[in-house]
Colleague: 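Can you keep this structure in mind? I'll have questions shortly.
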Amino acid sequence: MQVIRFKLPSLAGIRCLYSASALGLDGYVKTRDRIKEQFIDVEAKFREKMGDFANSDSSNMIFTEDLKHMVHIVENNDEDLNLVYKMTSKFSKQNQDTRFGSFIFGPVVMRMYYHLDKPLEALKCFTELEKDGFFDQLISFQILMDLLFKHGMYEQTLEVFEVVKNKQLHGSKYPKNAVVLAFGACYKLNTPDSLNYAKKLWTELNQAGHYPMRRAGTFAAALAIQQGSPDIALEILTSLKQQGYVTIRNLKISALADLGRPDDALPLLRSALETDRAADKNTFCEEVLNKLSAAIEKFNRKEVSQEFERINSQIKSLGHISSSPIGELLCSEISLVPNISEVSRTKSTRKFNQRPTNYQLRPGLQDMN
């Protein structure tokens with residue numbers, strides 16, 4: 001995969017899709033603070049020694065403890081980032097044939113880049129080392145894709161997704177969190193090509209017997225509506241199990257309005273009012289109701305208009321209208337805890353984090369246990 005060099009877009013209105021806890025970033029920050037405190041008196045000498053070790057002509061090896069410490073004390077400057085990249089590259093190459101340790105570095109390195117907000121550097125490191133299996137963990141792909149998504153690098157998000165598809169890590173060609181980010185990138189791109197990509201991916205998922213997450217389906221449906229294919233959107237939405245969700249309900253109404261079937265949207269309005277508790281707010285998006293109102297006016301059937309006015313009045317009186325656009329609901333932050341397999345695979349990280357370090361400068365600087 002070739003890294004595309006370009007200026008980062010403005011981050012105005014752009015945000016990550018997964019929460020810090022879902023990506024394990026909060027744990028990385030806690031560990032970083034702890035290790036930096038332990039290294040407070042020896043950081044400069046440690047960096048100097050690691051710089052000598054990372055030199056391509058040096059015969060000194062980069063050991064697990066060396067890289068563990070450096071990815072946690074790294075500062076947001078070119079010198080430190082270049083040192084981490086050299087250390088990571090050398091560590092990966094020297095351990096291709098024999099891996100004695102059980103520590104999994106991929107997620108930690110990606111969390112480091114995310115914490116420092118360095119998408120281009122993360123993509124460069126990924127591009128250089130993914131062929132060596134250094135980032136062969138589903139959570140590493142998820143962290144990188146979310147970082148790229150956050151910076152509006154949607155094409156690159158899809159490129160990374162293609163890599164994880166081809167690798168089929170842990171027997172999964174379509175890891176659910178990466179799938180969500182892929183559909184999110186398609187939705188953000190909002191082009192005919194991105195719709196074609198989304199339709200193909202949706203077909204692949206169904207043929208493979210994979211049930212996509214609700215967020216993936218709503219991204220795909222919203223994209224189809226934006227691209228003038230409400231029929232595709234309605235088919236996707238109907239296939240989702242969680243029909244009571246606000247996003248699904250609003251997208252269905254929007255699709256029916258575009259299809260010239262606003263009368264079929266009225267049962268959705270009535271059903272929501274019957275099942276939602278009075279305390280539940282923001283059931284319907286104002287922009288969606290306005291769109292439905294315009295479609296009903298065009299539909300030009302008195303009984304439908306009267307029924308809509310009655311229901312709409314009730315919706316307003318109960319405070320079930322949100323001024324937030326549907327796009328904001330679609331891109332709301334996902335707060336999921338890391339899956340059990342990822343937790344078990346990084347168990348050694350927690351043990352390391354809990355172990356106090358009595359650090360002294362010794363020849364080699366590697367015997368840190």
Colleague: Under the side-chain contact (heavy atoms from CB on, under 4.5 Å) criterion, do Lys173 and Val164 qualify, and how do the steps go?
Modeller: CA-CA 7 Å; Lys173 187 176 181 180; Val164 73; over 6 Å; no

Colleague: Look at atom CD of Glu43 and say whether more than 12 heavy atoms of other residues, nucleotides or ligands are closer to it than 6.0 Å.
Modeller: yes

Colleague: Can you confirm whether Asn76 is buried at CG, in the sense that more than 12 heavy atoms of other residues, nucleotides or ligands lie under 6.0 Å from that atom?
Modeller: yes

Colleague: Compare every heavy atom of Glu333 with every heavy atom of Arg215, then report the nearest pair and how far apart it is.
Modeller: NH2-O, 4.4 Å

Colleague: Give the C-alpha distance, both sets of side-chain angles, the deciding distance and a yes or no for salt bridge (Lys or Arg N to Asp or Glu O under 4.0 Å) between Lys68 and Glu65.
Modeller: CA-CA 5 Å; Lys68 278 182 185 178; Glu65 296 295 298; 3.0 Å; yes

Colleague: Do other residues, nucleotides or ligands put more than 12 heavy atoms under 6.0 Å from the CD atom of Glu303?
Modeller: yes

Colleague: Identify whether the distance between the nearest side-chain nitrogen and carboxylate oxygen of Arg310 and Glu307 falls below 4.0 Å.
Modeller: yes

Colleague: How close do Glu287 and Ile326 get, heavy atom to heavy atom, and via which atoms?
Modeller: OE2-N, 2.6 Å

Colleague: So, taking the atom named SG in Cys125 and the one named CG in Leu120, what distance separates them when rounded to the nearest 0.5 Å?
Modeller: 13.0 Å

Colleague: Please report the C-alpha distance between Lys36 and Glu75 in whole Å, then the side-chain angles of each, then the deciding distance to 0.1 Å, and finally whether the salt bridge (Lys or Arg N to Asp or Glu O under 4.0 Å) criterion is met.
Modeller: CA-CA 10 Å; Lys36 284 187 73 67; Glu75 294 294 343; 2.5 Å; yes

Colleague: Can a donor-acceptor pair be found, under 3.5 Å and without considering hydrogens, that links the side chain of Thr31 to the backbone of Gly27?
Modeller: yes

Colleague: Does NZ or CZ of Lys165 come closer than 6.0 Å to the centre of the six-membered ring of Tyr174, within 45° of the ring's axis?
Modeller: no

Colleague: Any donor-acceptor pair under 3.5 Å linking the side chain of Ser322 with the backbone of Ser324?
Modeller: yes

Colleague: In this structure, is the centre-to-centre distance between the rings of His320 and Phe284 below 6.0 Å?
Modeller: no

Colleague: How far does CZ of Arg111 sit from CG of Leu144, to the nearest 0.5 angstrom?
Modeller: 13.0 Å

Colleague: Can any side-chain N or O of Asn55 pair as donor or acceptor with the backbone N or O of Gly51 at less than 3.5 Å?
Modeller: no

Colleague: Between CG of Leu23 and CG of Leu25, what distance do you get to the nearest 0.5 Å?
Modeller: 5.0 Å

Colleague: If I compare all heavy atoms of Pro107 with all of Ile143, which pair ends up nearest, and what's the gap?
Modeller: O-CD1, 3.9 Å

Colleague: Hey, does Val160 have a side-chain heavy atom less than 4.5 Å from the side chain of Glu130?
Modeller: no

Colleague: Ignoring hydrogens and geometry, is there a side-chain-to-backbone donor-acceptor pair from Asp146 to Leu17 under 3.5 Å?
Modeller: yes

Colleague: Quick one: does Gln137's side chain get under 4.5 Å of Met110's, heavy atoms only?
Modeller: no

Colleague: Is any side-chain heavy atom of Leu256 closer than 4.5 Å to one of Ser254?
Modeller: no

Colleague: Quick one: are Leu189 and Leu223 in side-chain contact, heavy atoms under 4.5 Å?
Modeller: no

Colleague: For salt bridge (Lys or Arg N to Asp or Glu O under 4.0 Å), just list the numbers for Lys124 and Glu128, CA-CA rounded to whole Å, side-chain angles, deciding distance to a tenth of an Å, and then say yes or no.
Modeller: CA-CA 6 Å; Lys124 174 187 175 182; Glu128 293 297 321; over 6 Å; no

Colleague: Could you pull out the closest heavy-atom pair between Gly244 and Arg249, with the gap in Å?
Modeller: O-NH2, 3.0 Å

Colleague: Side chains of Phe161 and Val179: does their closest heavy-atom pair fall under 4.5 Å?
Modeller: yes

Colleague: Could you check, using the six-membered ring where one of them is a Trp, whether Phe219 and Tyr187 have ring centers closer than 6.0 angstrom?
Modeller: yes

Colleague: Nearest 0.5 Å, please: how far is OG in Ser194 from NZ in Lys199?
Modeller: 10.5 Å

Colleague: What's the verdict on side-chain contact (heavy atoms from CB on, under 4.5 Å) for Val108 and Phe103, showing C-alpha distance, side-chain angles and the deciding distance?
Modeller: CA-CA 10 Å; Val108 183; Phe103 191 90; 4.0 Å; yes

Colleague: Quick one about Ser89 and Lys93 (side-chain donor to acceptor, distance below 3.5 Å, no hydrogens or angles considered), yes or no?
Modeller: yes

Colleague: Any donor and acceptor pair, going by atom type alone, linking the side chain of Gln243 with main-chain N or O of Leu237 inside 3.5 Å?
Modeller: yes

Colleague: Are Phe126 and Phe141 an aromatic pair by the rule of ring centers under 6.0 Å?
Modeller: yes

Colleague: Could you check whether any side-chain heavy atom of Val163 comes within less than 4.5 Å of a side-chain heavy atom of Lys167, counting everything from C-beta outward?
Modeller: yes

Colleague: Distance-only, no hydrogens or angles: does the Asn250 side chain make a donor-acceptor pair with backbone N or O of Val246 under 3.5 Å?
Modeller: yes

Colleague: Val109 and Phe135: side-chain contact (heavy atoms from CB on, under 4.5 Å), yes or no, with the steps?
Modeller: CA-CA 9 Å; Val109 172; Phe135 294 108; 4.2 Å; yes

Colleague: Do side-chain atoms of Gln94 reach the backbone of Ile62 as a donor and acceptor pair under 3.5 angstrom?
Modeller: yes

Colleague: Check for a donor-acceptor pair, side chain of Ser271 on one end and backbone N or O of Pro267 on the other, with a separation under 3.5 Å.
Modeller: no

Colleague: Counting neighbours of CD on Glu162 that are heavy atoms of other residues, nucleotides or ligands and sit closer than 6.0 Å, is the number greater than 12?
Modeller: yes

Colleague: Measure across Ala182 and Leu201 and return the closest heavy-atom pair with its distance rounded to 0.1 Å.
Modeller: CB-CD2, 4.2 Å

Colleague: Below 4.5 Å, heavy atoms only, C-beta onward: do Phe149 and Tyr18 meet side chain to side chain?
Modeller: no

Colleague: Find out whether Leu81 and Asn77 are in side-chain contact, i.e. whether some heavy atom of one side chain is under 4.5 Å from a heavy atom of the other.
Modeller: no

Colleague: Does Lys90 make a cation-pi contact with Phe53 (under 6.0 Å, within 45 degrees of the axis)?
Modeller: no

Colleague: Sub-3.5 Å donor-acceptor pair from the side chain of Ser172 to the main-chain atoms of Leu169, do we have one?
Modeller: no

Colleague: Would the number of heavy atoms belonging to other residues, nucleotides or ligands and lying under 6.0 Å from NZ of Lys30 be above 12?
Modeller: no

Colleague: For the residue pair Pro262 and Leu292, what are the closest heavy atoms and their distance?
Modeller: CB-CD1, 3.6 Å

Colleague: Does this structure show an ion pair linking Arg32 with Glu37, if we count only N-O contacts that are shorter than 4.0 Å?
Modeller: no

Colleague: Distance from Gln227 atom CD to Thr191 atom OG1, nearest 0.5 Å?
Modeller: 6.5 Å

Colleague: Given Leu266 and Ile296, is the side-chain contact (heavy atoms from CB on, under 4.5 Å) satisfied, shown in steps?
Modeller: CA-CA 10 Å; Leu266 297 184; Ile296 287 175; 4.3 Å; yes

Colleague: Would you mind checking if Lys49 and Asp66 are paired as a salt bridge, meaning a charged N to carboxylate O distance below 4.0 Å?
Modeller: no

Colleague: As an exercise, state the distance from CG of Asp78 to CG of Leu83, rounded to the nearest 0.5 Å.
Modeller: 12.5 Å

Colleague: Is the distance between the ring centroids of Phe39 and His72 under 6.0 Å?
Modeller: no

Colleague: Got a donor-acceptor contact below 3.5 angstrom from the Thr88 side chain to the Val84 backbone?
Modeller: yes

